[in-house]
Amino acid sequence: MIMDILLGYVLIGLVISLIYTVYYRIIKTPANDKLFSHEPLKTLLILPVALTFTSIAWPYFIYLKIEEHNRPLPVKFAVEYEDLSTPSSVPDVEKLHIIDDPLSAVPPLPFGFLHHTWSQFLKVIDTNNGIYPFEKVDKSNVSFPQIKKGYAGIDKQKNVTFTFIYCSKSAR
């Protein structure tokens, strides 16, 4: 009785493993990347080991596939009005972020190498509404959250229109 159950369990795993191997490694792969195209001897030796392992551990692989589909989509990084600090003027911001490099490797401009991007940011925002500094944790990459610092431009309805990020560092 128990042997029949174990044999059925392994046979189900073997069938699932073979279907997966045939479908994903032979049918869905490009012609130059087929299962036996590169190193046939190595593949021939690894295939029985892999099929044996997946025949035993197949419920775990099904569980991983289900969890992959149930994983929530990552949250896109966005700056909201609530994330902003008190407004600053353009001359104050530029004076604060002038780069003073003793080796002269970085141009002595506001934000150094990012000066061109800063200039483009100033062209697209309404500076009459002020420039708002922000510092926010970016959780879009769950494995590596980052603290992003920058400035934001807002419209008359207090919606953030454009952002300029000058610093991004690990939150850990």
Side-chain angles (χ1 to χ4, degrees), residues 20-21 23-25 27-40 42-43 46 49-50 53-54 57 60-172:
Y20 179 84
T21 301
Y23 183 71
Y24 284 104
R25 295 293 292 164
I27 295 174
K28 284 201 77 160
T29 55
N32 61 346
D33 200 26
K34 295 287 184 192
L35 187 60
F36 292 102
S37 64
H38 295 298
E39 297 174 341
K42 186 177 178 183
T43 306
I46 291 176
V49 174
F53 176 72
T54 55
Y60 179 71
F61 296 119
I62 291 175
Y63 167 77
L64 287 179
K65 201 66 172 167
I66 291 170
E67 282 300 310
E68 180 181 304
H69 288 291
N70 292 338
R71 189 175 308 140
L73 294 174
V75 178
K76 187 176 178 185
F77 179 74
V79 178
E80 304 296 331
Y81 183 75
E82 295 78 32
D83 302 324
L84 306 177
S85 299
T86 58
S88 301
S89 66
V90 174
D92 291 342
V93 171
E94 288 184 342
K95 191 167 113 180
L96 180 66
H97 292 285
I98 292 260
I99 304 296
D100 183 29
D101 183 12
L103 299 176
S104 299
V106 179
L109 298 168
F111 299 102
F113 289 120
L114 294 175
H115 182 72
H116 178 70
T117 309
W118 171 251
S119 301
Q120 296 296 324
F121 171 72
L122 292 178
K123 287 179 186 175
V124 296
I125 65 165
D126 183 7
T127 54
N128 295 331
N129 294 332
I131 297 175
Y132 291 79
F134 68 87
E135 182 174 327
K136 185 174 180 179
V137 176
D138 180 6
K139 297 178 183 172
S140 61
N141 187 343
V142 179
S143 301
F144 301 103
Q146 294 184 335
I147 298 172
K148 294 193 175 185
K149 295 180 183 179
Y151 290 93
I154 62 167
D155 58 12
K156 296 196 184 316
Q157 291 81 27
K158 296 189 176 183
N159 295 319
V160 175
T161 54
F162 293 97
T163 58
F164 168 75
I165 297 172
Y166 66 89
C167 180
S168 183
K169 61 183 179 181
S170 175
R172 293 182 183 183

Could you walk me through whether T163 and F134 pass side-chain contact (heavy atoms from CB on, under 4.5 Å), step by step?
CA-CA 9 Å; T163 58; F134 68 87; 4.2 Å; yes
Apply side-chain contact (heavy atoms from CB on, under 4.5 Å) to D126 and T161, showing your working.
CA-CA 9 Å; D126 183 7; T161 54; over 6 Å; no
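The heavy-atom pair separating P87 from G130 by the smallest distance is CB-CA, 4.4 Å. Nearest approach of V160 to A152, heavy atoms of both residues: CG1-CB, 3.9 Å.
More than 12 heavy atoms of other residues, nucleotides or ligands shown are found within 6.0 angstrom of CG on N159.
You'll find the side chain of F77 reaches within 4.5 Å of the side chain of I165, heavy atoms only. The side-chain heavy atoms of L84 and Y81, taken from C-beta on, include a pair separated by under 4.5 Å.
For the atom pair CZ (F162) and CZ (F121), the distance works out to 9.0 Å, reported to the nearest 0.5 Å.
Judged as a side chain to side chain contact (heavy atoms under 4.5 Å, CB included), and not counting sequence neighbours, K95 has no contacts. Residues satisfying the side chain to side chain donor-acceptor pair (under 3.5 Å) test with S85, not counting sequence neighbours, are none. For the side chain to side chain contact (heavy atoms under 4.5 Å, CB included) test, residues two or more places apart in sequence or in another chain that qualify with E82 are E80. In this structure S89 satisfies the side chain to side chain donor-acceptor pair (under 3.5 Å) test together with D92, sequence neighbours excluded. With sequence neighbours left out, Y132 forms a ring-ring contact (aromatic ring centres under 6.0 Å, His included) with no residue at all. Residues forming a side chain to side chain donor-acceptor pair (under 3.5 Å) with D155 (at least two apart in sequence, or on another chain): none. Residues passing the salt bridge (charged side-chain N to carboxylate O under 4.0 Å, His left out) test with D83, sequence neighbours excluded: K136. Taking the salt bridge (charged side-chain N to carboxylate O under 4.0 Å, His left out) definition, one finds that E68 meets it with K65, sequence neighbours left out.
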Pairs under 3.5 angstrom only: tabulate donor-acceptor contacts from the side chains of residues 101-117 to other protein residues two or more places apart or in another chain.
| unit_1 | atom_1 | unit_2 | atom_2 | d |
| --- | --- | --- | --- | --- |
| D101 | OD1 | L103 | N | 3.2 |
| D101 | OD2 | A105 | N | 2.8 |
| D101 | OD2 | V106 | N | 3.1 |
| H115 | ND1 | P110 | O | 3.2 |

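Within the structure, every pair that satisfies the side chain to side chain donor-acceptor pair (under 3.5 Å) test and touches residues 144-153, not counting sequence neighbours, is listed here: H97-Y151, D138-K148, Q146-S168.
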